[in-house]
*Asks:* 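One structure, pasted below without further comment.
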Amino acid sequence: MGRGRVELKRIENKINRQVTFSKRRSGLLKKTREISVLCDAEVALIVFSTKGKLFEYSTQPCMERILEQYERYSYAERQLVTNDKAPKENWVIEHEKLKARLELLQRNQRNFVGEELDSLNLKGLQNLEQQLDSALKHIRSRKNQAMHESISKLQKKVSLSCLLVVVEYGI
């Protein structure tokens with residue numbers, strides 16, 4: 001026996017609404033994972049709760065890759081449609097695209113300094129940790145390179161000083 005159809009309207013009871021949100025979000029995430037595995041599809045899912053908490057799922061290690069792919073695709077589609085539109089409308093679209101990109105970069109920057117981490121799931125936290133580890137390796141490598149260059153310059157100065165002393169005093 002199947003379930004009856006649910007009338008789609010806002011649930012007035014706050015607790016029931018939260019329980020339904022949680023269950024349906026879990027079901028949506030499950031279906032998202034299933035379609036990505038069964039059909040080898042690239043999937044990104046973004047859900048914000050009524051309190052603004054972010055829930056996301058991505059088949060890529062980094063959600064940004066799928067979002068960038070979406071932006072490129074939708075931008076190309078809009079370009080085909082908007083070629084006949086006024087230039088002002090194209091600027092509005094470009095402005096919205098850049099605004100969304102800026103918000104994404106600002107969120108990532110806040111995550112990199114350890115802020116707003118509650119919105120990240122385990123996969124997101126692991127990805128952030130990987131990015132920070134990689135950045136730290138690059139920073140340390142550059143620091144070591146700068147230190148070696150500095151030491152090399154100091155050694156040349158010392159060698160020059162010793163040479164000048166030898167020449168000047170005939171030692």
Side-chain angles (χ1 to χ4, degrees), residues 1-140:
M1 183 170 173
R3 297 181 189 156
R5 279 187 91 68
V6 175
E7 182 182 347
L8 289 181
K9 67 175 186 173
R10 184 175 186 272
I11 299 170
E12 296 301 323
N13 184 308
K14 189 176 180 179
I15 294 170
N16 290 347
R17 186 170 55 242
Q18 180 58 39
V19 168
T20 301
F21 174 79
S22 180
K23 287 180 179 179
R24 288 186 175 247
R25 183 192 70 230
S26 298
L28 186 57
L29 286 169
K30 181 181 176 188
K31 291 290 184 187
T32 304
R33 280 189 291 275
E34 288 173 2
I35 195 171
S36 70
V37 171
L38 293 173
C39 303
D40 197 28
E42 290 187 24
V43 181
L45 173 67
I46 300 171
V47 179
F48 286 97
S49 72
T50 55
K51 293 184 179 183
K53 186 172 181 183
L54 171 68
F55 300 93
E56 63 183 32
Y57 173 82
S58 172
T59 53
Q60 293 282 331
C62 183
M63 172 78 76
E64 287 180 37
R65 289 185 190 145
I66 293 179
L67 293 176
E68 286 172 356
Q69 183 179 359
Y70 169 76
E71 284 178 357
R72 284 192 304 271
Y73 178 81
S74 64
Y75 181 74
E77 287 289 312
R78 284 193 306 258
Q79 287 301 91
L80 292 174
V81 172
T82 60
N83 278 340
D84 299 332
K85 291 184 178 178
K88 180 183 177 187
E89 291 178 25
N90 287 335
W91 286 111
V92 170
I93 291 170
E94 186 67 19
H95 175 262
E96 291 301 317
K97 180 182 168 195
L98 290 171
K99 191 171 140 182
R101 181 77 176 141
L102 176 65
E103 289 173 8
L104 179 66
L105 290 171
Q106 286 174 334
R107 188 186 86 206
N108 286 342
Q109 183 180 20
R110 287 190 297 272
N111 289 157
F112 284 134
V113 296
E115 297 173 0
E116 297 182 18
L117 298 178
D118 291 340
S119 63
L120 295 176
N121 60 13
L122 179 61
K123 190 174 185 178
L125 289 168
Q126 288 171 333
N127 184 38
L128 179 63
E129 183 180 30
Q130 261 182 341
Q131 290 174 348
L132 288 170
D133 284 341
S134 176
L136 195 55
K137 285 177 187 173
H138 288 300
I139 291 167
R140 286 182 178 147

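The analysis underlying the following values was restricted to heavy atoms, covering all of them including side chains, and did not include hydrogens, waters or symmetry mates. Residue numbers run from 1 in the order of the sequence given. Quantities reported herein were computed from a predicted structural model and do not represent experimental measurements.
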*Asks:* Any ion pair linking E12 and R10 (charged N to carboxylate O, less than 4.0 Å)?
*Replies:* yes

*Asks:* Under the 3.5 angstrom rule, does the side chain of K31 hit a backbone N or O of S26 as a donor-acceptor pair?
*Replies:* no

*Asks:* So which heavy atom on M63 is nearest to which on A44, and how close?
*Replies:* SD-CB, 3.5 Å

*Asks:* State, to 0.1 Å, how close N111 and E115 come at their nearest heavy-atom pair, and which atoms those are.
*Replies:* ND2-O, 3.1 Å

*Asks:* Between the main-chain N or O of V43 and the side-chain N or O of T59, is there a donor-acceptor pair closer than 3.5 Å?
*Replies:* yes

*Asks:* Test side-chain contact (heavy atoms from CB on, under 4.5 Å) on Q18 and K14; report intermediate values, then the result.
*Replies:* CA-CA 6 Å; Q18 180 58 39; K14 189 176 180 179; 5.9 Å; no

*Asks:* Yes or no on side-chain contact (heavy atoms from CB on, under 4.5 Å) for F112 and Q131, after CA distance, side-chain angles and deciding distance?
*Replies:* CA-CA 9 Å; F112 284 134; Q131 290 174 348; 3.1 Å; yes

*Asks:* Got K23 and V19 here, is their nearest side-chain heavy-atom distance under 4.5 Å?
*Replies:* yes

*Asks:* Honestly, is K53 close enough over F48, meaning NZ or CZ under 6.0 Å from the six-membered ring centre and within 45° of the axis?
*Replies:* no

*Asks:* Could you tell me if the side chain of E64 sits less than 4.5 Å from the side chain of L104, heavy atoms only?
*Replies:* yes

*Asks:* When you compare the side chain of L117 with that of L128, does any pair of heavy atoms fall below 4.5 Å?
*Replies:* yes

*Asks:* Looking at R17 and I11, would you say the former's side chain and the latter's main chain have a donor-acceptor pair under 3.5 Å?
*Replies:* yes

